[in-house]
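Below is one structure, written out as structure tokens, with a few remarks after it.
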Amino acid sequence: METKLIEHNHIYKMDCLDGLREMVRGGVLVDCVITDPPYLIEYATHRRQDKDHKFCRPIQNDNNPQLIIDVIPLLYDIMKDDTPLYMFCGSDKVDFFKQQIERRFTVKNIIVWDKGNHTAGDLEAQYGKQYEFVIYANKGRAKFNQDMPRYSDIWRFPRITGKEQIHQNQKPLDLLYRIINQHTRRGDLILDPFSGSGSTSVAAYRLQRDFIGFEIDDDYYEMSNKWLASIQKQLSIFDIL
């Protein structure tokens with residue numbers, strides 16, 4: 001089988017399983033994985049008046065637990081020794097995600113991300129959900145950078161809303177900066193196999209890290225690359241000045 005060259009600093013429109021297999025065949029290894037896979041809850045917002053809006057449609061593979069089962073061994077294979085994995089998940093399926101990760105990795109923390117405001121949900125019989133989990137795991141032992149503080153396992157970053165929101169589950173850049181600064185240096189390679197809005201790639205680029213992303217959805221692929229290109233253009237202008 002011919003190997004597709006997976007290069008640094010690209011978001012690829014392809015199934016992440018195919019992309020990761022190509023990385024294995026090509027010997028591409030990464031320094032850090034940050035990813036936000038489908039939460040397996042078939043989420044789609046019902047709060048928008050425009051029912052044709054993309055956020056009103058379920059995310060691809062949000063009913064496919066086999067995807068998570070298949071992706072975790074591949075993530076292990078393309079990670080260098082002593083490197084970190086950060087995987088976002090919701091409270092509904094955290095046990096499943098943790099069990100699958102523990103088949104290959106050592107789970108060090110389940111970080112609670114306090115988003116600052118809560119979702120709607122069942123207004124009459126359910127408390128509003130204000131947090132998500134981030135499973136922090138190691139392949140080997142991924143030490144923190146010595147110049148970084150040791151944070152607690154409760155992180156408070158406001159969620160993305162309004163015009164800044166490209167993806168319904170978009171993660172804030174400040175949260176991603178914390179992860180990237182905690183473990184990596186300039187020129188290190190960061191992978192996000194479920195790229196979505198492209199936030200991980202944008203954060204990596206702004207911090208002068210290399211990145212690889214995979215995104216299967218046509219719209220999110222286009223929007224994320226447009227956002228990334230605008231950031232690259234802005235930074236190139238500042239470099240000239």
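In terms of heavy atoms, Tyr221 sits closest to Ile11 at CE1-O, 3.2 Å. Of all heavy-atom pairs spanning Phe97 and Pro37, the tightest one is CE2-CG, 3.8 Å. Taking each heavy atom of Pro193 and Leu20 in turn, the nearest pair found is CB-CD1, 4.5 Å. Residues Ile180 and Ala204 come closest through the heavy atom pair CD1-N, 3.8 Å. In terms of heavy atoms, Ser199 sits closest to Lys171 at OG-O, 3.4 Å. Between Lys98 and Ile110, the shortest heavy-atom contact is CD-CD1, 3.7 Å.
Between Phe211 and His8, the distance separating the two ring centers is not shorter than 6.0 angstrom.
Expressed to the nearest 0.5 Å, how far CG of Asp174 lies from CH2 of Trp155 amounts to 12.0 Å. In this structure, Tyr205 OH and Leu228 CG are separated by 8.0 Å, a value rounded to the nearest 0.5 Å. For the atom pair OG of Ser195 and CG of Asp217, the computed distance is 11.0 Å after rounding to the nearest 0.5 Å. Taking OH from Tyr86 and CD1 from Ile190, the interatomic distance works out to 11.0 Å, rounded to the nearest 0.5 Å. How far CG of Asp70 is from CD1 of Ile68: 9.5 Å, rounded to the nearest 0.5 Å.
In this structure, Arg206 fails the cation-pi test against Tyr177, since its NZ or CZ atom is not both closer than 6.0 Å to the six-membered ring centre and inside 45 degrees of the ring normal.
In this model, a donor atom of one side chain and an acceptor atom of the other lie less than 3.5 Å apart for Asp192 and Thr35. Donor-acceptor pairing under 3.5 Å is lacking for the side chains of Tyr220 and Asp218. A donor-acceptor contact closer than 3.5 angstrom is absent between the side chains of Asn145 and Gln182.
With Asp31 contributing its side chain and Leu189 its backbone, the two residues share a donor-acceptor pair below 3.5 Å. Judged by distance alone, the side chain of Arg209 and the main-chain N or O of Leu207 form a donor-acceptor pair under 3.5 Å. Distance alone, capped at 3.5 Å, places no donor-acceptor pair between the Gln130 side chain and the Asp114 backbone. Looking at Lys139, its side chain never comes within 3.5 Å of a backbone N or O of Thr83 through a donor-acceptor pair.
The aromatic rings of Phe88 and Trp113 lie perpendicular to each other, with more than 60° between the two planes, well past the 30° mark. Ring planes of His10 and Tyr12: tilted class, angle from 30 to 60°.
With a 4.5 Å cut-off on side-chain heavy atoms, Met23 and Ile212 count as touching. Residues Leu85 and Met79 meet the side-chain proximity criterion, which asks for heavy atoms closer than 4.5 Å. Side-chain contact between Cys32 and Pro84 is present, with at least one heavy-atom pair separated by less than 4.5 Å.
Using a 4.0 Å cut-off between a side-chain N of Lys or Arg and a carboxylate O of Asp or Glu, Lys115 and Glu132 qualify as a salt bridge. Between Arg21 and Asp77 there is no salt bridge, since no side-chain N of the basic residue sits under 4.0 Å from a carboxylate O of the acidic one. Salt bridge Asp188/Arg185: absent, no basic N to carboxylate O contact under 4.0 Å. A salt bridge between Arg141 and Asp82 is absent, with no side-chain N of the basic residue lying under 4.0 Å from a carboxylate O of the acidic one.
The number of heavy-atom neighbours closer than 6.0 Å to OH of Tyr131, taken from other residues, nucleotides and ligands shown, is 12 or below.
Tested against Gln100, the residues Glu102, Arg104, Arg103 include a single side-chain hydrogen bond (donor to acceptor under 3.5 Å, both in side chains) partner, Arg103.
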